[in-house]
Amino acid sequence: MEFYSRRARDITPYKAGEQPKGCNFVKLNTNENPYPPSPRVAEAVSAFPCGRLRLYPSPEADDLRDAIARYEGVARENVFVSNGSDEALALAFAAFFDDERAACFADVTYSFYEVFAAMFGAKTQVVPLKEDFTLDIAAMRACPCAGYFIANPNAPTGIAVSAGEMEKFIASAPDRLFVLDEAYAEFSGETCVPLIKKYPNLAVIKTFSKSHSLAGIRCGYAVGAPALIEGLLRMKNSFNSYPVDAVCAAACAAALADGEYHEKTVRLVTKERERLRGELEKLGFFVPPSGANFLFAGRARLPAGEIYRRLKEEGVLVRHWDRPRISDFCRITVGTPHDDDILLEKLKKIFA
Ligand code: PMP
């Protein structure tokens with residue numbers, strides 16, 4: 001297009017999973033939580049004084065920042081709140097990487113990283129996962145770079161690196177920045193957040209979209225040493241002063257306040273994940289152990305692309321990428337037991 005900048009012309013945008021209108025699908029394609037958010041969220045939203053919308057929100061979402069700080073056991077200065085965790089990840093590329101400071105990440109990981117790098121002109125180093133899809137920490141350590149983006153658990157594989165192993169990696173490279181994308185960590189039972197007190201080279205990024213069932217509200221956050229948070233604020237305040245609206249901040253604080261509900265729904269999802277994994281294996285899929293709210297299922301009796309298409313015809317949406325190394329897998333979000341039974345029934349029909 002004649003009016004486009006070179007950047008807009010050249011970039012290949014990230015492609016999000018399908019969000020069909022009038023959803024009659026069993027939707028297992030974008031890792032949304034199958035359960036609604038805590039009832040306290042509905043209460044907070046309906047009690048929100050709409051007259052207050054006349055005013056701009058707190059630029060740094062300070063009340064929510066404090067609520068997150070309490071939840072994570074850190075101080076306000078350790079927290080940065082963003083419009084979805086995607087925004088925190090994007091601003092981390094902008095704040096910490098450029099054409100001389102290369103960002104290193106795996107070949108099979110969250111595909112937004114390469115788009116953010118292109119958007120902000122960051123040099124990249126891509127290190128293949130090992131044959132079994134685990135992180136090749138030795139190869140990453142040997143790679144010349146200014147830092148790492150690591151989704152833990154990884155997407156789309158669901159495979160997690162233990163906090164102990166991650167700490168060894170972080171401690172081994174104090175001159176490099178670690179951006180850990182813990183979008184799915186609540187489903188693994190482990191987080192590296194406590195390590196931020198020990199390692200000034202660590203930022204952990206989390207989201208309200210998955211375990212808190214708030215993908216529709218768009219809120220995420222980063223936790224790290226104050227100097228890293230300052231870096232993110234510098235970028236935010238050069239781009240959008242008020243990325244988190246007042247209703248969103250109230251809703252997310254309400255979700256954090258209901259720890260019991262959060263634990264209960266996380267437990268339901270992880271229990272169902274293990275059942276679904278067993279059932280998929282019985283159908284002949286290879287499914288690596290997952291620490292997330294999805295399973296990476298492949299090497300079945302039919303090509304994964306065909307399984308994806310036939311499931312869609314049958315009203316079940318899963319995710320498939322026609323990309324090297326992963327084209328033989330479908331990523332399947334853990335649904336309710338009822339939705340997953342529909343998936344399993346359709347798979348049996350397709351394989352028959
Ligand atoms: N990280 C990973 C690994 C993800 O899969 C996603 C969801 N697409 C995100 C971050 C972003 O989630 P959100 O912007 O909804 O917080």
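All ligand and atom numbering here is 1-based and tracks the order in the structure. Below, each value reflects all heavy atoms present in this structure, side chains not excepted, and no hydrogens, waters or symmetry copies. Everything numeric here is computed off the predicted structure, so don't read it as measured data.
Close contacts of ligand 1 with Gly84, meaning ligand atoms under 4.0 Å from a residue heavy atom, involve 14 (O), 16 (O). In summary, the atoms of ligand 1 found under 4.0 Å from a heavy atom of Lys210, numbered by their order in the structure, are 7 (C). Interface atoms of ligand 1 facing Ser209, defined by a heavy-atom separation under 4.0 Å, are 13 (P), 15 (O), 16 (O). For ligand 1, the atoms sitting less than 4.0 Å from at least one non-hydrogen atom of Arg218 are 13 (P), 14 (O), 15 (O), numbered in the order shown with element in parentheses. Close approach to Ala183 involves these atoms of ligand 1, each under 4.0 Å from a residue heavy atom: 1 (N), 2 (C), 10 (C).
For Arg331 and Phe296, the positive end is not near the middle of the six-membered ring at less than 6.0 Å and at most 45° from its axis.
With atom 3 (C) of ligand 1 as the reference point, the heavy atom nearest to it among Asn152, Asp181, Ile150 is part of Asp181.
Looking at heavy atoms from C-beta onward, Leu283 lies in side-chain contact with Lys348 at the 4.5 angstrom threshold. Residues Leu129 and Leu135 form a side-chain contact, since some pair of their non-hydrogen atoms from C-beta on lies under 4.5 Å apart.
Contact annotation for Phe208 and ligand 1: no heavy atom of the residue comes within less than 4.0 Å of the ligand. Contact annotation for Glu87 and ligand 1: no heavy atom of the residue comes within less than 4.0 Å of the ligand.
Taking a cutoff of 4.0 Å between a charged side-chain nitrogen and a carboxylate oxygen, Lys206 and Glu72 qualify as a salt bridge. One finds no salt bridge joining Glu43 and Arg40 here, because no Lys/Arg side-chain nitrogen approaches an Asp/Glu carboxylate oxygen to under 4.0 Å.
Aromatic pair Tyr221/Phe208: ring centres closer than 6.0 Å. Taking the six-membered ring for Trp and the full ring otherwise, the centers of Phe149 and Phe116 sit at least 6.0 Å from each other.
Nearest protein neighbour of atom 5 (O) of ligand 1, counting heavy atoms only, is Tyr184 OH, 2.7 Å. Regarding atom 10 (C) of ligand 1, its nearest protein heavy-atom neighbour is Tyr110 CE2, 3.4 Å. For atom 12 (O) of ligand 1, the closest non-hydrogen atom on the protein side is Ser85 OG, 3.3 Å. In this structure, the protein non-hydrogen atom closest to atom 11 (C) of ligand 1 is Asp86 OD1, 3.1 Å.
A donor-acceptor contact shorter than 3.5 Å is absent between the side chain of Ser85 and the backbone of Thr207.
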